[in-house]
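Following: one structure in structure tokens, then a few remarks.
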Number of protein chains: 2
Amino acid sequence: MTEDIQRRPPTSVDVARAAGVSQATVSYVLNDNPNARVSEKTRERVREAAERLGYVPHASARALRTGHSGLVLLPLPMARTGRLAQEWLDALGDALNDAGYTLVYYGERKLKGIAAARDWAALRPVSIIVDSERLTKASVELLKSSGTRAVFGIGSEPSPLVPSMVLDHRQVGELAARHLVERGCRRLGAIVPREAGIDVMGANRWRGVCRVAPDAARLDLAFSEDEARELVAGGDLPDGVFAYNDEYAMLLISALHDAGLRVPDDVAVVGADDLPIASLMRPRLTSVHFDPTANPVELVTLLDEIVRGEREAADGTVVDLFAPRLVVRDSA
Amino acid sequence: MTEDIQRRPPTSVDVARAAGVSQATVSYVLNDNPNARVSEKTRERVREAAERLGYVPHASARALRTGHSGLVLLPLPMARTGRLAQEWLDALGDALNDAGYTLVYYGERKLKGIAAARDWAALRPVSIIVDSERLTKASVELLKSSGTRAVFGIGSEPSPLVPSMVLDHRQVGELAARHLVERGCRRLGAIVPREAGIDVMGANRWRGVCRVAPDAARLDLAFSEDEARELVAGGDLPDGVFAYNDEYAMLLISALHDAGLRVPDDVAVVGADDLPIASLMRPRLTSVHFDPTANPVELVTLLDEIVRGEREAADGTVVDLFAPRLVVRDSA
DNA sequence: TTGTAGGCGTTATCAC
DNA sequence: GTGATAACGCCTACAA
């Protein structure tokens, strides 16, 4: 009869019963609440019972009661982020962990606009880091009014709505261009990929090149060997090309080789992103590199201060993710 | 005095007050509960009030009340998963969404063993998909007893503890080897990377090669040009090499070129993973390719059945993620 | 057709 | 030192 074993997860009440104490005492002990004085003997009994029953506190119940979940939501599809970005996100997760938060990567892709914001807000995250483009005035308002303390945008442009983490791709182009100029190039060009999704970054990197060489050629290119061949065959190439990233750099170099041109003697090429694979090119590929490990702490501090209300982040606040960590890895 | 505006997120009670109905009615309307007949006029009033107040239901409260969160937890660090795996995970997330679940990528990396399991269990996920190696008997028990209905392992070996999704890397090696044999190679070899983390996969791919060519050479190699050069200089290379993946394939081909050997005439090379970049190699790289888009539905169905209790998944159940979707993309 | 009330698992404020 | 008890926001019989 009473053989009907407990199939539902054990609760703190179960632990209390098993330890012969009240449920409040269980909470005190397990949370090391300093306000309550509990004898060491009782503590031991409670801990033992919890262990034995396999008790795990219910995060939802706790969030409901305390009013905060410690969740930092990151609604990005996984595949869209490159390798360096992922390493950076992992580092961010660790840093947030250390500060008592939990980074949760929420990959939903279907919902748009305000519906997406509702979906995120349902989780009552304490903070959210999201593509600046997915944020509207209405969705930010919804998030804030539903308890999200720190809404961050992330993207290549600062958001007018919220503080944002900016990957200013012009800096990448600028650095590459300066390198090419130092190497003696006279006419610069930059490849701008035609692929949707990265075309904007490409245009920004090109603009960065223009800051150094105002008359730099804009070389629009799809990731195809045919187009690359055409580009090269068209002649009149600059003698220094920033190829957007390492993959396009290899595409271009490959087409240059096929056309009998020499790299870097005829055309110098600089890539970006520093794929491990890039070190295999002959001649070696020069690449703009981003060190992903160092930044998160700074961002976590900012986030933490905003969440605690110690700081009222102005909407225009910008955390530059690139500036401190961009270097050219030379082929030399 | 009453100017003190509501700073806490609006609740369904607030909506009820604003709409002049009871809180139950709000719940009925917003959830389209068919058991309750509510007049269209009331529905409209409720919806309008919810909209106006920016009401968003509280996921934790709902989970607490209903007893399930619909969360499927995926505790993997982002950077460890390759591009194809990510696309697959995104597709999985979409498929789960369609089935009413929510895939949540939970990147914590510090906790080990049972402590990690406690961390996961606190979220009361309905299912969890996790590296088979991170699961112990105790942690599986803890998860199950805390309400996780479907615990899945994922890895290159089936887990004895739980149903698992297996990426049987021997199949990759086997396919590559068969291709090399068909191309006329007589002596086969397989590169096994020395890097921790992928060495196991490498060994499995090599074993797959051995299933086709029992005397296949095992070529241990770190990802460095020096080692690759040594390997080639050592001579006595097989005339068909499965290079583990495309990056190693490029490393090897590069070293072969430097040594004056011809690919594929002297040594045929097959890579794997089909990086977009691999299509740029001269000569083109042959690669074992995995189509990531097709599998999730099947897995979601299985998960759903287990969750609903319609199916009692035996611990040994294995979902082979590779078999149906592995092809050789030829250089021809 | 709508409202009342109880409880999900916690934490925190009180009495004892 | 410890134990009742009242919320937190939501869902859902059941009552009106």
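Chain letters run A, B, ... following the sequence lines, proteins first, then strands; residues in each count from 1.
Remark: P of dT1(C) and CZ of Arg43(B) are 10 Å apart, rounded to the nearest angstrom. Rounding to whole angstrom units, CG of residue Asp14(B) and P of dC10(D) are separated by 9 Å. dT12(D) atom P lies 13 Å from atom CG of Leu30(B), rounded to whole Å. The distance between atom CZ of Arg45(A) and atom C1' of dG3(D), rounded to the nearest whole Å, is 14 Å. If you take CG of Asn33(B) and P of dT1(C), they are 14 Å apart, rounded to a whole angstrom. Look at CZ on Arg8(A): it is 11 Å from P on dT10(C), rounded to the nearest Å. The CG-C1' distance, from Asp32(A) to dG1(D), rounds to 16 Å in whole Å. Look at NE2 on His58(B): it is 12 Å from P on dC11(D), rounded to the nearest Å.
Distances from the side chain of Ser39(B) to the nucleotides dT10(C), dT12(D), dT2(C) place dT2(C) closest. Across dC10(D), dT11(C), dC11(D), the shortest atom-to-atom separation from the side chain of Asn31(B) is found for dC11(D).
The closest donor-acceptor contact from the side chain of Ser139(B) to the backbone of Leu135(B) lies at 3.5 Å or more, if one exists at all. In this structure, Ser127(A) contributes its side chain and Ala150(A) its backbone to a donor-acceptor pair below 3.5 Å.
Across the interface with DNA chain D, nearest-nucleotide mapping of Ala61(B) and Gln23(A) shows Gln23(A) to be the residue nearer the 5′ end. Comparing Leu64(A) and Ser22(A) by the nucleotide of DNA chain D whose heavy atom lies nearest to each, the residue mapping closer to the 5' end is Ser22(A).
Nucleic acid contact class of Val15(A) (heavy atoms, under 4.0 Å, all strands): none. Ser27(B) comes within 4.0 angstrom of a base, heavy atoms only. Nucleic acid contact class of Arg37(B) (heavy atoms, under 4.0 Å, all strands): base. Residue Val21(B) is in sugar-phosphate contact alone, with no base atom involved, counting any heavy-atom pair closer than 4.0 Å across all strands shown.
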Test side-chain contact (heavy atoms from CB on, under 4.5 Å) applied to Asp304(B) and Tyr101(B), step by step: CA-CA 9 Å; Asp304(B) 193 45; Tyr101(B) 298 96; 2.5 Å; yes
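Side-chain contact check for Val104(B) versus Leu123(B): every heavy-atom pair is 4.5 Å or farther apart. With a 4.5 Å cut-off on side-chain heavy atoms, Leu96(A) and Thr102(A) do not count as touching.
Note on Thr66(B): every side-chain N or O is 4.0 Å or more away from OP1 and OP2 of dC11(D). Look at Ser60(B) and you won't find any side-chain N or O under 4.0 angstrom from OP1 or OP2 of dG9(D). Phosphate proximity of dT2(C) to Thr25(B): absent, as no side-chain N or O sits under 4.0 Å from OP1 or OP2.
A donor and an acceptor atom never sit less than 3.5 Å apart when one is taken from the side chain of Tyr28(A) and the other from the base of dT10(C). Counting distance only, with no hydrogens placed and no angle test, the side-chain atoms of Arg65(A) and the base atoms of dA7(D) include a donor-acceptor pair under 3.5 Å.
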